Amino acid sequence: MTDAAARSIRAEDYQDVPRRVAVMPKHFAAGSRTDRHAHVRAQLLYATAGLMMATAEDGTWVVPEGHALWIPPRLPHAVTMHGAVSMCSAYLAPEAVRAFPARAQVIEVSPLLAAALSALTREPVLYDEAGRGGHLAALVLDEIGRAPETPLTLPLPGDPRLRRVCLGLIDDPASALDLDAWAARAGLSRRTLTRGFRRETGLSFDAWRARARIVRALALAADGRRAREIAAAVGYRSTQALRGRMDSLLPGRGAGLALTGNVRARTNQ
């Protein structure tokens with residue numbers, strides 16, 4: 001596997017490559033999914049087209065076009081494609097990412113990082129570390145380290161009672177149950193539930209619920225659903241209400257996402 005033109009699309013072929021960064025472009029049909037799996041290397045899962053939703057024991061992440069999911073080494077995860085997806089996976093040697101985050105997160109991909117990843121796919125897998133390939137790999141690592149985290153993460157609590165609430169909100173984002181009803185369903189007091197949410201997810205119950213609705217809305221938009229259908233499916237009475245909530249999470253970009261289903265929006269531009 002030394003020629004860029006003959007590059008494998010099997011993730012396992014990149015885990016022992018004697019290079020700090022090994023990249024693999026790949027395409028998936030709409031609705032495709034991967035079973036839960038893990039890699040020896042860290043992974044940057046970059047969406048060049050379409051939208052992916054990834055799940056793991058401690059969270060759910062939505063990855064629209066122009067964003068990437070940072071996945072630490074050996075983290076079991078599964079991925080579902082919404083719409084036809086083109087991606088570029090960068091597999092990173094553990095010794096090269098020791099200072100990187102220990103938890104998965106969605107980052108914004110800068111134009112420089114996007115260009116470096118694209119260029120590296122055209123280099124041999126066993127690129128010259130002292131040449132162009134090595135310089136591109138160093139740039140990829142530097143840009144990942146500088147990339148801002150986005151709010152496209154749904155952290156899941158460890159407490160099984162709180163986790164049941166979260167999974168219920170994910171399964172039915174349009175549910176009309178209020179905080180007291182969810183607390184009663186979990187066998188918790190209102191105070192215990194609100195404190196637990198804040199302690200284990202870093203978000204209030206209302207903020208977590210709003211984020212869950214936006215994550216689902218983004219996936220539905222990528223699937224080609226109409227804005228009015230999306231709003232109803234995630235518990236909003238109008239597209240205007242959905243647009244307002246999206247703007248609060250993704251400043252300045254909610255309108256386009258809600259009305260056109262365009263998931264190319266950036267969280268910081």
Side-chain angles (χ1 to χ4, degrees), residues 1-4 6-28 34-49 52-79 81 85-150 152-153:
M1 195 173 62
T2 60
D3 190 333
R7 193 178 295 267
S8 170
I9 56 170
R10 290 161 35 97
E12 54 266 37
D13 291 338
Y14 294 86
Q15 303 310 305
D16 298 316
V17 172
R19 296 293 184 271
R20 292 191 301 165
V21 180
V23 294
M24 179 190 76
K26 194 170 183 177
H27 306 282
F28 289 89
T34 70
D35 293 330
R36 184 157 292 200
H37 63 284
H39 306 294
V40 174
R41 287 187 163 213
Q43 182 182 12
L44 187 76
L45 192 59
Y46 169 39
T48 58
M52 298 175 280
M53 187 172 290
T55 56
E57 186 66 22
D58 60 347
T60 295
W61 302 267
V62 62
V63 191
E65 183 175 334
H67 295 74
L69 177 62
W70 158 254
I71 305 172
R74 302 184 183 279
L75 177 70
H77 61 281
V79 183
M81 317 303 160
V85 168
S86 295
M87 66 169 69
C88 179
S89 281
Y91 297 101
L92 315 172
E95 62 271 17
V97 298
R98 289 195 180 106
F100 284 27
R103 61 181 179 83
Q105 57 184 240
V106 178
I107 64 170
E108 184 179 354
V109 174
S110 68
L112 186 56
L113 177 54
L117 288 167
S118 177
L120 200 50
T121 66
R122 296 189 292 275
E123 291 289 311
V125 173
L126 296 178
Y127 50 79
D128 179 1
E129 292 182 278
R132 182 173 185 263
H135 298 320
L136 288 169
L139 182 57
V140 165
L141 290 168
D142 189 53
E143 284 297 295
I144 294 172
R146 294 170 178 267
E149 183 179 4
T150 73
L152 296 173
T153 298

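Computed from a predicted model, the values in this text were never measured in an experiment.
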Checklist entry - When you look at L69 and M52, which way does the side chain to side chain contact (heavy atoms under 4.5 Å, CB included) test go after all the steps? => result CA-CA 9 Å; L69 177 62; M52 298 175 280; over 6 Å; no
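- A donor-acceptor contact shorter than 3.5 Å is absent between the side chain of E123 and the backbone of A119.
- Taken to the nearest 0.5 Å, the OG atom of S110 stands 9.5 Å off from the CG atom of D142.
- The shortest distance between side-chain heavy atoms of T150 and I107 does not fall below 4.5 Å.
- Heavy-atom neighbours of L112 CG from other residues, nucleotides or ligands within 6.0 Å: above the threshold of 12.
- Considering all non-hydrogen atoms of both residues, A96 and F100 come closest at O-CE1, 4.3 Å.
- With a 4.5 Å cut-off on side-chain heavy atoms, P76 and E57 do not count as touching.
- A donor-acceptor pair under 3.5 Å links the side-chain atoms of Q15 to the main chain of R41, judged by distance alone.
- In D128, the CG atom is crowded: over 12 heavy atoms of neighbouring residues, nucleotides or ligands sit closer than 6.0 Å.
- Atom NE2 of H135 and atom CZ of R132 lie 10.5 Å apart (nearest 0.5 Å).
- Atoms CG and CD1, from L139 and I144 in turn, are 10.0 Å apart once rounded to the nearest 0.5 Å.
- Proximity of H27 to M81: side-chain heavy atoms (C-beta onward) are nowhere separated by under 4.5 Å.
- Side chains of V140 and V23 form no contact here, defined as non-hydrogen atoms less than 4.5 Å apart.
- Using modelled atom types, one side-chain atom of H37 and one backbone atom of H77 make a donor-acceptor pair closer than 3.5 Å.
- You'll find the side chain of V21 reaches within 4.5 Å of the side chain of L120, heavy atoms only.
- In this structure, Y46 and L117 have side chains that are in contact, with non-hydrogen atoms separated by less than 4.5 Å.
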Item to check | Test log, rule side chain to side chain contact (heavy atoms under 4.5 Å, CB included), inputs Y91 and V17 | outcome: CA-CA 9 Å; Y91 297 101; V17 172; over 6 Å; no
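- Taking the ring centre of Y127 as origin, the terminal cationic atom of R19 falls inside the region bounded by 6.0 Å and 45° from the ring axis.
- At a threshold of 4.5 Å between non-hydrogen side-chain atoms, the residues Q43 and L92 do not count as touching.
- Closest heavy-atom contact between V106 and T153: N-OG1, 4.0 Å.
- In plain terms, the two heavy atoms of A104 and L75 that are nearest each other are CB-CD2, 4.0 Å.
- For R74, the CZ atom is loosely surrounded, since the number of other residues' heavy atoms within 6.0 Å does not exceed 12.
- Here W61 contributes atom CH2 and L45 contributes atom CG; the two are 11.5 Å apart, rounded to the nearest 0.5 Å.
- With hydrogens and angles ignored, the 3.5 Å screen pairs no side-chain donor or acceptor of R103 with any backbone N or O of G59.
- Proximity of a side-chain donor or acceptor of Y14 to a complementary backbone N or O of S8 within less than 3.5 Å is detected.
- A 4.5 Å side-chain heavy-atom check between C88 and M24 finds every atom pair outside the cut-off.
- Closest of all the heavy-atom pairs between R36 and A56 is NH2-CA, 3.7 Å.
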Checklist entry - Stepwise, does the side chain to side chain contact (heavy atoms under 4.5 Å, CB included) test hold for V97 with L141? => result CA-CA 8 Å; V97 298; L141 290 168; 4.2 Å; yes
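- Residues K26 and I9 share a closest heavy-atom pair of NZ-O, 3.1 Å.
- Side-chain atoms of H67 come within 3.5 Å of backbone N or O of E65 as a donor-acceptor pair.
- The nearest pair of heavy atoms linking P64 to A47 is O-CB, 3.6 Å.
- One N or O on the side chain of R7 and one on the backbone of T121 form a donor-acceptor pair closer than 3.5 Å.
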